[in-house]
S.K.: 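What follows is a single structure, and I will ask about it in a moment.
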Amino acid sequence: MIRSVFRGSGSALPVRVVPNAKLAETVDTSDEWIVERTGIRQRYIAGEGETTASLAIEASRAALADAGMDAAEIDLIILATATPDNTFPATATKVQAALGCTGGIAFDVQAVCSGFLYALATADSLLKTGMATRALVIGAETFSRILDWEDRTTCVLFGDGAGAMVLEAEEGEESDRGLITSRLHADGAQHDLLYVDGGPSTTQTVGHLRMRGPEVFRHAVVNLASVLREVIEDAGISAEDIDWVVPHQANARILDATARKLGLPAEKVIVTVDSHANTSAASVPLAFDTARRDGRIQDGSLVMFEAMGGGFTWGASLMRL
Ligand code: ACO
């Protein structure tokens, strides 16, 4: 049996930090409201010269260094993003060229905030079938560029960043290291609750993010609890066996409510939404890398990843490091 085994991770953030108080200077909001309703205290916003590709490249270099691997050894790059540098080609190919990878497969995955879960499961499938042997799986976004900065109900929620993970195909049944199982879902009927009102084929513009927040919130708690149960059942474990949950960082209240539904103690949930805000597809690998670098997540940890986003799309993966 082939397993996709974790080798290293990295992340990147823009230089500029924007605290809640700064946003309160331009829209009718307050630090108190944002902290109480979301848990967000600040976000990083890309400046001139910082793009989805540049953040992805920095995160990927850090992940390769952590894995002790050369870019030339990578034969699969999957980049999850809803904010690519260009409509085409895929931002993954820009990353491939910048890293100096000379061959293999490179493409983008578009599942908004669940993008990293979709990319991870896709990489796992390609490694398992022998299509590739070493994968770089990236989540990278510059959501600041699709926000309506006059809409206080959305502009306070998001930030920019990138996270990356290196996986390698490994033969053998003795150890349970690697990606154990994944579950993905989509429900296109919920399009109007969370979407961008532009695109190349409709308006020929990039458009702005539109969200009916409270309705998304309700769906998120139900869908996430349900997919987490599926993965727990499929893996034949119980919730207590999980060492760490690395959730999509949309709202501290969603993280609390989901953990409560599963009976998971809050101390096992990695929370970075306070400092990164919602970085869409970047949020899971960014939170994961943060918790590895500060020593919480260690080799041997059983880690659950989960996310829900526009589409709707949602998913979860269980991995033994
Ligand atoms: N500052 C001050 N007041 C505000 C702000 C703001 N930034 N935004 C909204 N309000 C007001 C509203 O106008 C409303 O006022 P009213 O009562 O006078 O009408 C009041 O605050 C309450 O607003 P709600 O929208 O009901 O607030 P809620 O507690 O639901 O929080 C939030 C809103 C934070 C958006 C929450 O619903 C949420 O997190 N939703 C889920 C987001 C999510 O998970 N997205 C998924 C992934 S994103 C992706 O895929 C791209």
Side-chain angles (χ1 to χ4, degrees), residues 18-43 52 80-84 109-119 139-161 184-188 190-199 206-225 227 247-258 271-274 276-284 286-287 306-316:
V18 179
N20 292 344
K22 189 80 192 152
L23 299 182
E25 291 172 11
T26 50
V27 285
D28 182 13
T29 190
S30 65
D31 179 48
E32 295 72 36
W33 190 95
I34 302 171
V35 172
E36 191 198 310
R37 300 296 181 115
T38 70
I40 298 166
R41 294 183 182 276
Q42 61 168 47
R43 70 286 294 135
T52 295
T81 190
T83 48
V109 158
Q110 162 45 310
V112 204
C113 298
S114 318
F116 189 77
L117 273 297
Y118 269 65
E141 302 276 17
T142 43
F143 253 51
S144 61
R145 297 195 169 131
I146 55 163
L147 295 177
D148 174 352
W149 286 100
E150 289 175 4
D151 175 11
R152 69 173 183 173
T153 68
T154 52
C155 77
V156 303
L157 303 174
F158 296 91
D160 304 330
L184 301 174
H185 294 280
D187 177 7
Q190 309 301 336
H191 170 278
D192 293 354
L193 299 185
L194 179 52
Y195 65 101
V196 165
D197 63 4
V206 173
H208 291 120
L209 181 147
R210 305 292 172 207
M211 176 164 73
R212 301 206 325 238
E215 281 142 289
V216 176
F217 191 109
R218 281 192 289 278
H219 280 274
V221 176
V222 172
N223 291 342
L224 289 172
V227 74
H248 170 49
Q249 308 285 319
N251 185 320
R253 285 157 52 218
I254 297 181
L255 306 190
D256 290 347
T258 311
V271 180
T272 55
V273 70
D274 51 336
H276 301 155
N278 180 347
T279 57
S280 185
S283 96
V284 166
L286 191 49
E306 47 109 318
M308 139 105 190
F312 288 155
T313 53
W314 65 101

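Counting starts at 1 for both ligands and their atoms, following the listed order. Side chains included, hydrogens not; waters and symmetry mates left out as well; all remaining heavy atoms used.
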S.K.: Just to verify, what does Tyr118 make a ring pair (Phe, Tyr, Trp, His ring centres under 6.0 Å) with, not counting sequence neighbours?
M.R.: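 Tyr118: no ring pair (Phe, Tyr, Trp, His ring centres under 6.0 Å) contacts found.
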S.K.: Under 3.5 Å, N/O to N/O: give me all the pairs between ligand 1 and the protein, one per line with atom names and distance.
M.R.:
from	atom 1	to	atom 2	distance (Å)
ligand 1	1 (N)	Thr29	OG1	2.7
ligand 1	3 (N)	Trp33	NE1	3.4
ligand 1	3 (N)	Arg152	NH1	3.4
ligand 1	7 (N)	Thr29	OG1	3.1
ligand 1	7 (N)	Arg152	O	2.9
ligand 1	13 (O)	Arg152	NH2	3.1
ligand 1	21 (O)	Trp33	NE1	3.2
ligand 1	27 (O)	Arg37	NH1	3.3
ligand 1	29 (O)	Arg37	NH1	2.7
ligand 1	29 (O)	Arg253	NH1	3.3
ligand 1	37 (O)	Gly213	O	3.2
ligand 1	37 (O)	Pro214	N	3.3
ligand 1	39 (O)	Asn251	ND2	2.6
ligand 1	40 (N)	Gly213	O	3.0
ligand 1	50 (O)	Gly310	N	2.9

S.K.: Only counting residues at least two apart or in another chain, list the ones meeting ring pair (Phe, Tyr, Trp, His ring centres under 6.0 Å) with His208.
M.R.: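 None.
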S.K.: I'd like to know if the side chain of Ser283 and the backbone of Gln249 have a donor-acceptor N/O pair within less than 3.5 Å.
M.R.: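 Yes, the answer is positive, given that a donor and an acceptor are paired below the 3.5 Å cut-off.
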S.K.: Between Asp148 and Arg210, does at least one N-O distance fall below 4.0 Å, as a salt bridge requires?
M.R.: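 Looking at Arg210 together with Asp148, the answer is yes, because their closest N to O distance falls below 4.0 Å.
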S.K.: For Ser114, check side-chain hydrogen bond (donor to acceptor under 3.5 Å, both in side chains) against everything at least two apart and list the hits.
M.R.: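 Checked Ser114 against side-chain hydrogen bond (donor to acceptor under 3.5 Å, both in side chains); matches are Thr313.
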S.K.: From the options Gln42, Arg43, Arg41, select the one residue that forms a side-chain hydrogen bond (donor to acceptor under 3.5 Å, both in side chains) with Asn20.
M.R.: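 With Asn20 as partner, Gln42, Arg43, Arg41 yield a single side-chain hydrogen bond (donor to acceptor under 3.5 Å, both in side chains), made by Arg43.
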